[in-house]
Amino acid sequence: MTDAWTKDVHAAVRRIPPGRVASYGLIALVVGRPLAARAVGNVMRACRDTSVPCHRVVHADGSPAFARHRARLRREGVRFNGRRVDLRAHLWNARLPRRV
DNA sequence: CGTGTGACCTAAG
DNA sequence: ACTTAGGCCACAC
């Protein structure tokens, strides 16, 4: 948990506003490791910190990692298109470190 | 230092 | 839409 990597990932996930979602890949992008989506998943798996809204982190196709997250997201006003979140409307518009 | 594993992602068939 | 295969990253052994 003291690791910079874990710390950065947690920070990024906490930045996700309610009613918005982010994919693992997007989080990886935000922390500056565009190809570390998998490692982000590892951090989430090991994360038991309630201050980290892990339910707002979904797969690239919009499907939550766990079904229990679905109801939680719906409570925040997230609309679902079948099993997937409507990413068009709810994907977190994070501004990236570099680029542009 | 090599290997295996994982809440991943993308491309192909 | 579903299944494979390949690839990237961090971590435990």
Side-chain angles (χ1 to χ4, degrees):
Chain A
M1 175 90 98
T2 357
D3 313 85
W5 165 249
T6 303
K7 197 159 78 79
D8 285 349
V9 172
H10 285 189
V13 174
R14 277 193 214 116
R15 272 184 227 153
I16 309 175
R20 288 266 171 94
V21 298
S23 68
Y24 294 87
L26 181 55
I27 296 300
L29 206 60
V30 170
V31 298
R33 292 269 171 310
L35 306 179
R38 206 164 190 171
V40 171
N42 275 339
V43 174
M44 289 293 103
R45 181 173 74 82
C47 176
R48 290 186 190 50
D49 192 332
T50 50
S51 69
V52 179
C54 52
H55 60 282
R56 296 185 194 143
V57 183
V58 299
H59 294 276
D61 63 352
S63 57
F66 291 97
R68 51 186 299 283
H69 292 163
R70 192 165 55 86
R72 213 148 169 203
L73 289 169
R74 228 175 359 186
R75 261 176 251 165
E76 295 185 350
V78 175
R79 281 223 222 161
F80 281 77
N81 194 342
R83 285 193 210 72
R84 331 182 185 170
V85 175
D86 185 352
L87 294 179
R88 268 262 254 188
H90 298 291
L91 184 62
W92 179 36
N93 190 0
R95 58 186 178 71
L96 310 175
R98 296 289 165 269
R99 276 272 295 170
V100 191

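Side-chain atoms are counted along with the backbone in the values below, which use heavy atoms only and exclude waters and symmetry mates. Letters A, B, ... mirror the listed sequences (proteins, then strands); counts begin at 1.
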Would you say Leu26(A) and Tyr24(A) make side-chain contact, with heavy atoms under 4.5 Å?
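Not in contact.
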Categorize [X] for me: base, sugar-phosphate, or nothing, with a 4.0 angstrom heavy-atom threshold over every strand shown.
X: Ala39(A); answer: base
X: His69(A); answer: base
X: Ala65(A); answer: base
X: Arg45(A); answer: base

Tell me the interatomic distance from [X], atom [atom1], to [N], atom [atom2], rounded to whole angstroms.
X: Asp3(A); N: dA10(C); atom1: CG; atom2: C1'; answer: 9 Å
X: Trp5(A); N: dA10(C); atom1: CH2; atom2: P; answer: 6 Å
X: Tyr24(A); N: dC8(C); atom1: OH; atom2: P; answer: 22 Å
X: Asn42(A); N: dC8(B); atom1: CG; atom2: C1'; answer: 9 Å
X: Leu35(A); N: dA11(B); atom1: CG; atom2: P; answer: 13 Å
X: Asp8(A); N: dC9(C); atom1: CG; atom2: P; answer: 16 Å
X: Ile27(A); N: dA10(C); atom1: CD1; atom2: C1'; answer: 16 Å
X: Asp61(A); N: dC9(B); atom1: CG; atom2: P; answer: 8 Å

Interatomic distance, OG@Ser63(A) vs CZ@Arg83(A), rounded to 0.5 Å, equals 9.0 Å
N-O pairing of Arg20(A) and Glu76(A) below 4.0 Å:
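Looking at Glu76(A) together with Arg20(A), the answer is no, because their closest N to O distance does not fall below 4.0 Å.
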Out of dC8(B), dA1(C), dA7(B), which nucleotide sits closest to the side chain of Arg38(A)?
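Of all the options, the side chain of Arg38(A) is nearest to dC8(B).
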Proximal nucleotide (of dC11(C), dA7(B), dA1(C)) relative to the Phe66(A) side chain
dA7(B)
Kindly check if the number of other-residue, nucleotide or ligand heavy atoms within 6.0 Å of CZ (Arg14(A)) is above 12?
yes
For Asp86(A), I'd like to know if atom CG has over 12 heavy atoms of other residues, nucleotides or ligands within 6.0 Å.
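It does: Asp86(A) CG has more than 12 such atoms within range.
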With respect to the phosphate group of dA7(B), does any side-chain polar atom (N or O) of His59(A) fall under 4.0 Å of OP1 or OP2?
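False: His59(A) side-chain N/O out of range (4.0 Å or more) of dA7(B) OP1/OP2.
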Establish, with yes or no, whether the OP1 or OP2 oxygen of dA10(C) is under 4.0 angstrom from a side-chain nitrogen or oxygen of Arg33(A).
yes
